[in-house]
**Student:** 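Before I ask anything, let me first share the structure, which is written out below as structure tokens.
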Amino acid sequence: MASASLLKSSPVLDKSEWVKGQTLRQPSVSVVRCLPYAPSPLTIRAGSYADELVKTAKIVASPGRGILAMDESNATCGKRLASIGLENTEANRQAYRTLLVSVPGLGNYISGAILFEETLYQSTTDGKKIVDILVEQKIVPGIKVDKGLVPLAGSNNESWCQGLDGLASRTAAYYQQGARFAKWRTVVSIPNGPTELAVKEAAWGLARYAAISQDNGLVPIVEPEILLDGEHGIERTFEVAQKVWAEVFFYLAENNVLFEGILLKPSMVTPGAECKERNTPQQIADYTLKLLQRRIPPAVPGIMFLSGGQSEVEATLNLNAMNQSPNPWHVSFSYARALQNTCLKTWGGRPENVKAAQEALLIRAKANSLAQLGKYTGEGESEEAKKGMFVKGYVY
Amino acid sequence: MSAYQGKYADELCANAAYIGTPGKGILAADESTGTIGKRLSSINVENVEENRRALRELLFTTPGALQYLSGVILFEETLYQKTHDGKPFVDLLKENGVLPGIKVDKGTVELAGTNGETTTQGLDGLAQRCQKYYEAGARFAKWRAVLKIGPTEPSQLAINENANGLARYAIICQENGLVPIVEPEILVDGPHDILKCADVTERVLAAVYKALNDHHVLLEGTLLKPNMVTPGSEAPKVAPEVIAEHTVRALQRTMPAAVPAVVFLSGGQSEEQATINLNAMNKYKGKKPWTLSFSFGRALQQSTLKAWGGKKENVQKAQAAFLARAKANSEATLGTYKGDATLGEGASESLHVKDYKY
């Protein structure tokens, strides 16, 4: 599968015993490889973009700031628009995204925005490129590069993430268009196992995506989301998360990914959505920090948590609890629903509501900024903000 | 189960953290009978039990030295030895806040089909031996895996085999109350530059931590004993700051913050060099969420040995030499060493022996 790209940086010995085209997947959890190790004089990491990647990652991981995830595919964006009675047209998507990126002062709290491909190439009705607006706001544009989840054959009804084909040329084109970081979301399901196969596939796909992205100038956000669905308790989530992150980092290292030039987007360690036993933000913070300490090399500059269906306030409270003492990495947010929900509802599709909607987004952005600094107090939060957003079997 | 949660979990974490106390480090005095024989013969001393005992007593009774140590690694014979007036070494150490440790590996053997690469033996009956050692007072263990750099080395086989051995050793120790020091030594021999060493070190450590995680080892209850990242023994030297930068970066890329401390091996560096490099690492500005300390054998004992020469009348002089090195390294863990330790004879002498066999 990926043998050709592996060979790019390591000279092949004449007497090697491996078979061309042989898959590089490990047959067991302990490291066993069929081909003899042929080290290059020097391992090449991230090609010519190394310095820029490190710089971009540091900017996105700057204190008091986090990521606005606004990369909903057209279908998913359609669901959002439908929830406020709007038709899923390009004009409506354009209007909504313009509203989001034009919030005055957003760059004080938001360091990066993840876009869907359509938006990366879109302009406002005045003809201004969305990407340019973001850059003016001091927000780094990012781009979703995966091609969605599909059923994983041979697994226990689990999924895998597509998108490696042609990824090199796509990322190069996105870089030309102004993107400086990428995002790839794969999932792991606890009720379905997860099986060894699903975990390996998720980790390996992320590692390949990360290497290719760095090669083309984009900081890869590495996102193995452990889905909230299920009745399992927090201990089980903790166990699965440790396994997943061990695999992810091992494969990232094998693919010679430059750790100083990546960002992580993990799920927090929480009980399953249908678990009877709930946990406090403090407990969630303790488990999640323990996971980070056990699995994340300090070289990684930033960890931007996903919200995965938590309410806006829950997501902020949990983030705040994790920032009560110094961490070796920037611990922040990359929220979609947990930043946009109230804003979307306030807008309702009406031009006269744009200002109020933008204020609503700014309020959430500021709250999460404070949470990143460990200073969020939760005063004055609205009822809408406290509403849970978990949807069973959620499909993006 | 994600990581060891048995009856020793809290004790392991506490002991590992204690060993990593800033200002303290480990004296590696676990030379096997054969190896200590080489040391003794270098100062014309006969390799008999009494001389081995006398040397270790000299070290452990040095006035004021034990405050700079959080642990001492012993060979099995020494674990059961006493001072000349009958006090068990283990008790002497414990009374002075020094944890006794024990070498548990049984040496290296060659891996067939490789170019002289090795694996480490010692897993058979390890659980029982650990229990015995715990009863005798040991609270941490050490197992040395060895890798080398060459045109086709380290091979994937050597990396996998040694990483797996370390992981098995580590979990068995934890199940029996001993904090495992994980030591994947990449030998300094060779003409390679520092970047090559960095590359190999990162590759090896990634494999080691993957294996430890797969074997459910409790990282908070372990220590790492790696080589510093340096140019090969036949390559041009570089400044301590360069060594510090490459070493810390390699650790940042591979070592989770859950591990409380790194206790570097000296691997043939002179006493003074090892101290200066350790000091540079502690002065280096960068993310270092673990303590950076020492676990030195030769680099703590060389000038002491020379000063002693096996003679009773030299004990005081020898102890002064040992105290000087212990204090210097203590300061190095705090980044405050000024390079002013009275250099005993041999303190600047390189201790590198090509193809060193323990």
**Student:** Within this structure, what is the NE2-CD distance for the pair B/His216 and A/Gln242, rounded to the nearest 0.5 Å?
**Tutor:** 10.0 Å
**Student:** Given heavy-atom pairs under 4.5 angstrom as the criterion, report whether the side chain, backbone, both or neither of B/Ala206 touches chain A.
**Tutor:** both
**Student:** Which atom pair, heavy atoms only, marks the closest approach of A/Pro297 to B/Thr254?
**Tutor:** CB-N, 4.1 Å
**Student:** Which pair of non-hydrogen atoms, one from B/Ala3 and one from A/Arg294, has the smallest distance, and what is that distance?
**Tutor:**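 That would be CB-NH1, 3.6 Å.
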**Student:** I need the residue from B/Lys288, B/Arg249, B/Glu220 with the largest number of non-hydrogen atom pairs under 4.5 Å to chain A.
**Tutor:** B/Glu220
**Student:** With only heavy atoms counted, which part of A/Ala253 is less than 4.5 Å from chain B, the side chain, the backbone, both or neither?
**Tutor:** side chain
**Student:** Quick check: do B/Asp214 and A/Lys243 have side-chain heavy atoms less than 4.5 Å from each other?
**Tutor:**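 In short, these two side chains touch, coming nearer than 4.5 Å.
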**Student:** Can we say A/Glu254 and B/Arg203 salt-bridge, meaning some charged N sits less than 4.0 Å from an Asp/Glu carboxylate O?
**Tutor:** no
**Student:** Can you tell me if B/Lys210 uses its side chain to pair, donor with acceptor, with the backbone of A/Phe250 under 3.5 Å?
**Tutor:**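 Side chain of B/Lys210 to backbone of A/Phe250: no pair is present.
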**Student:** Out of B/Lys287, B/Arg253, B/Met255, which one racks up the most heavy-atom pairs below 4.5 Å with chain A?
**Tutor:** B/Arg253
**Student:** Is A/Val240 in contact with chain B via its backbone, its side chain, both, or neither, using a 4.5 Å heavy-atom distance?
**Tutor:** neither
**Student:** Answer whether the closest heavy-atom distance between the side chains of A/Phe249 and B/Pro256 falls below 4.5 Å.
**Tutor:** no
**Student:** Run A/Arg295 and B/Asn213 through side-chain contact (heavy atoms from CB on, under 4.5 Å) and show every step you take.
**Tutor:** CA-CA 9 Å; A/Arg295 292 295 183 268; B/Asn213 291 337; 2.9 Å; yes
